[in-house]
Amino acid sequence: MLDEDYQALLEELHETYKSFDEGTLPTYIPELSLVNPQDFGISLTLLDGRSFHVGHSQRTFTIQSMVKPFLYGIAMEQLGEEAVLERIGVEPTGDAFNTIKLQPKTHRPYNPMVNAGAIVLANLIQGDNHREKIVTIKKTLEDFSASDLGFDIRVYTSEKAMGHHNRAMAYLMLNFGILTGHVEEILESYFQACSFMVTTKDLAAMAATLANKGVNPLTQKEVMQPRTIKNIVCVMMTCGMYDFAGQWSYTVGIPAKSGVSGGIIGVVPGRMGISVYSPLLDETGTSVRGIRVFQELSRRLDLSIY
Ligand code: GLN
């Protein structure tokens, strides 16, 4: 497809869905409800490095749960697959992102895409303290996005002040020996990891690097091993959209991850990375315009992996 055709398609979808105002802003922390509900950006990066953007593709928002696939990759590359599997499963939950359910017998979180799993990842990632861990996480995100990322201190402070649900889960996992060390120190890494600032442009490049087996198509840098990428993309497909994963699989068919800030990243293996940002969310915490745009892009460009 020609550059003009990609650009025209994104512009058409942006025009069609910008008047959609279904959904609500998240209220679990005040900062996330202060954004403009009209914000709407779409970015698409092909594996030859061509990128297309429309709308608010340069607007920053916090990465939130879209950081989880990358935390999973870091932990697997540092500790090996087996060590990570011992502490976190790969089963979808059918439950919300903050489910308190752990797997029977092992007490592992069901998968690395729910909060409980990502909190264990924050524990597993190597580093003497949260500062060292966050340096590794930032460097990895920047290698994936090929850009320098900022940090939203207000969102982070708020997450930390209001994060008692995450804290409760962390203590539960400490009780079962799934977490080791100090809960507040572990949560520090988790809350900070969720508070990096990204644009759809950054996220599309990150998704394209996943689609390209770990080689960033913009820099040609080998960021992670193909085997790690396979594992990440697999859990994105089965668990990345939480209790919307089945419908997403059926209507979009692209491995993806949503975040409560209103972003979605989609990985089309061997073809492209896509990102949409629009902060109005449905009841599963997924961007409403994001779902629509992905459904239509999948249909029009024949992107479903099935
Ligand atoms: N920081 C959020 C939390 O821990 C991330 C959740 C999300 O994006 N779904 O609650």
Side-chain angles (χ1 to χ4, degrees), residues 1-21 23 35-67 69-70 141-150 152 196-212 215-221 223 236 252 254-259 261-281 286-303:
M1 223 164 104
L2 295 172
D3 286 8
E4 304 86 271
D5 296 335
Y6 278 111
Q7 191 62 37
L9 175 58
L10 295 193
E11 274 162 25
E12 183 198 325
L13 296 184
H14 189 266
E15 191 56 35
T16 306
Y17 293 110
K18 78 175 184 208
S19 53
F20 265 59
D21 56 1
V35 298
N36 185 346
Q38 292 315 322
D39 282 358
F40 184 25
I42 311 173
S43 292
L44 188 156
T45 298
L46 299 174
L47 301 197
D48 61 10
R50 286 183 291 156
S51 298
F52 307 93
H53 311 282
V54 67
H56 300 121
S57 60
Q58 306 280 6
R59 190 144 299 174
T60 54
F61 48 95
T62 48
I63 191 166
Q64 297 294 347
S65 287
M66 290 172 288
V67 79
F70 306 97
L141 298 177
E142 292 183 339
D143 283 346
F144 269 96
S145 62
S147 67
D148 297 329
L149 302 183
D152 191 329
F196 283 109
M197 295 194 305
V198 286
T199 63
T200 56
K201 186 167 175 275
D202 300 327
L203 290 170
M206 295 167 83
T209 304
L210 291 172
N212 200 31
V215 177
N216 186 320
L218 305 177
T219 60
Q220 298 310 319
K221 183 170 178 159
V223 184
M236 287 174 77
V252 181
I254 300 173
K257 185 76 209 76
S258 55
S261 49
I264 302 178
I265 56 172
V267 178
V268 190
R271 288 184 69 184
M272 64 183 77
I274 305 168
S275 175
V276 181
Y277 168 57
S278 164
L280 292 169
L281 308 179
T286 317
S287 168
V288 179
R289 288 192 190 111
I291 295 171
R292 300 287 188 140
V293 170
F294 267 98
Q295 285 174 336
E296 190 140 350
L297 272 177
S298 173
R299 197 171 52 77
R300 302 269 288 268
L301 298 176
D302 192 20
L303 301 179

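Both backbone and side-chain heavy atoms feed into the values below; hydrogens, waters and symmetry mates do not. Here the structure is a predicted model, which is why all the values come from computation and not from measurement.
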Rounded to the nearest 0.5 angstrom, the CE-CG distance for Met272 and Leu44 is 5.0 Å
Q. Using the ring of each side chain (for Trp, its six-membered ring), is Phe70 parallel, tilted or perpendicular to Phe144, with breaks at 30° and 60°?
A. perpendicular
Close side-chain approach of Ile274 to Leu303, heavy-atom, < 4.5 Å | yes
To the nearest 0.5 Å, atom CD of Glu12 lies from atom CD of Glu296 at 6.5 Å
Sorted by chain and number, sequence neighbours left out, side chain to side chain contact (heavy atoms under 4.5 Å, CB included) with Asn216 holds for Ala146, Thr209, Leu218, Thr219, Val223
Rounding to 0.5 Å, atoms CD (Gln295) and CD1 (Ile254) come to a distance of 10.5 Å
* Heavy-atom check, side chain of Asp152 versus side chain of Phe61, under 4.5 Å -> no
Quick one: are Thr60 and Leu149 in side-chain contact, heavy atoms under 4.5 Å?
no
Walk me through it: do Phe40 and Val293 pass the test side-chain contact (heavy atoms from CB on, under 4.5 Å)? CA-CA 11 Å; Phe40 184 25; Val293 170; 3.7 Å; yes
Listing, residues 261-270 side-chain donor-acceptor contacts under 3.5 Å, not counting sequence neighbours, or none:
unit_1, atom_1, unit_2, atom_2, d
Ser261, OG, Thr62, O, 2.6

Between the CG atom in Asp202 and the OG atom in Ser275, the distance rounded to the nearest 0.5 Å is 9.0 Å
Query raised in the report: Going by heavy atoms in the side chains, are Arg292 and Thr16 under 4.5 Å from each other?
Result: no
Residue set satisfying side chain to side chain contact (heavy atoms under 4.5 Å, CB included) with Gln58, at least two apart, ordered chain then number -> Lys201
| said: Show, in sequence, the C-alpha distance, side-chain angles and deciding distance for Phe52 and Leu46, and conclude whether the side-chain contact (heavy atoms from CB on, under 4.5 Å) test is met. | reply: CA-CA 9 Å; Phe52 307 93; Leu46 299 174; 3.8 Å; yes
To the nearest 0.5 Å, atom OG of Ser278 lies from atom CG of Asn36 at 10.0 Å
So does Ala211 get a backbone contact from the side chain of Arg271, meaning a donor-acceptor N/O pair under 3.5 Å? no
Item to complete: Test side-chain contact (heavy atoms from CB on, under 4.5 Å) on Val198 and Leu141 and set out the steps.
Response: CA-CA 10 Å; Val198 286; Leu141 298 177; over 6 Å; no
To the nearest 0.5 Å, atom NE2 of His53 lies from atom NE2 of His14 at 13.5 Å
